[in-house]
Amino acid sequence: MIVITRYSVPEADLDAFRADAEAAVEALSRRPGFRGHRLGRAADDPGLWTVVTEWDGAGFYRRALSDFDVKVNAVPLLSRAIDEPSAYEIVAGGGAPA
């Protein structure tokens, strides 16, 4: 599964946002089932950011959120997120052609 959270980040808050994102991803990456992450910025709107994490399944992600270290380090970031659905089940995919 993937988790996509989006953030509206004013330029003045960029350093704090990046620090919060790094702390959150560091804590999440130590949890079972974590596969990886990406931090992205919208090409057409530099104030719109996203953090994408990939998990072995929804249960792994939900259990990760209940971990004390994750609560301490991820809540500052997650509290900034745009209020919208963020967890997605992967139903199809593929890699780039060789």
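Here the closest heavy-atom approach between residue Ala74 and residue Ala24 is recorded as CA-CB, 3.7 Å. Smallest separation of non-hydrogen atoms from Arg80 and Pro76: CG-O, 3.5 Å. When all heavy atoms of Thr53 and Phe34 are compared, the pair lying nearest together is CG2-CE1, 3.9 Å.
In the hydrophobic cluster analysis, where Ile, Leu, Val, Met, Phe, Trp and Tyr join through side-chain heavy atoms closer than 4.5 angstrom, Leu78 is grouped apart from Val52. In the hydrophobic cluster analysis, where Ile, Leu, Val, Met, Phe, Trp and Tyr join through side-chain heavy atoms closer than 4.5 angstrom, Leu65 is grouped together with Val3. Under the 4.5 Å side-chain contact rule for hydrophobic residues, Ile4 and Leu77 do not share a cluster.
Between Tyr7 and Phe17, the gap from one ring centroid to the other is short of 6.0 Å.
Shown here is Asp15, whose CG atom has no more than 12 heavy atoms of other residues, nucleotides or ligands within 6.0 Å.
Among residues two or more places apart in sequence or in another chain, the side chain to side chain contact (heavy atoms under 4.5 Å, CB included) test is passed with Ala58 by Met1, Arg62.
Between the side chain of Asn73 and the backbone N or O of Asp69, at least one donor-acceptor pair lies under 3.5 Å. Judged by distance alone, with hydrogens and angles left aside, the side-chain atoms of Thr50 form a donor-acceptor pair with the main-chain N or O of Thr5 at under 3.5 Å.
When each of Tyr88, Phe60, Tyr61 is paired with Trp55, the ring-ring contact (aromatic ring centres under 6.0 Å, His included) condition holds for Tyr61 and for no other.
For the pair Val75/Val70, no side-chain contact is recorded, criterion being any heavy-atom separation below 4.5 Å from C-beta on. Side-chain contact between Val25 and Val51 is present, with heavy atoms from C-beta onward closer than 4.5 Å. By the 4.5 Å heavy-atom criterion applied to side chains, Glu89 and Val91 are counted as neighbours. Between Ile82 and Leu48, the closest side-chain pair of non-hydrogen atoms falls below 4.5 Å. The closest side-chain heavy-atom distance from Arg6 to Glu84 is below 4.5 Å.
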With a cut-off of 3.5 Å and sequence neighbours excluded, list every side-chain donor-acceptor pair involving residues 35-44.
unit_1	atom_1	unit_2	atom_2	d
Arg35	NE	Asp56	OD1	2.6
Arg35	NH1	Glu54	OE2	3.2
Arg35	NH2	Asp56	OD1	3.2
Arg41	NE	Pro46	O	2.7
Arg41	NH2	Glu11	OE1	3.3
Arg41	NH2	Pro46	O	3.1

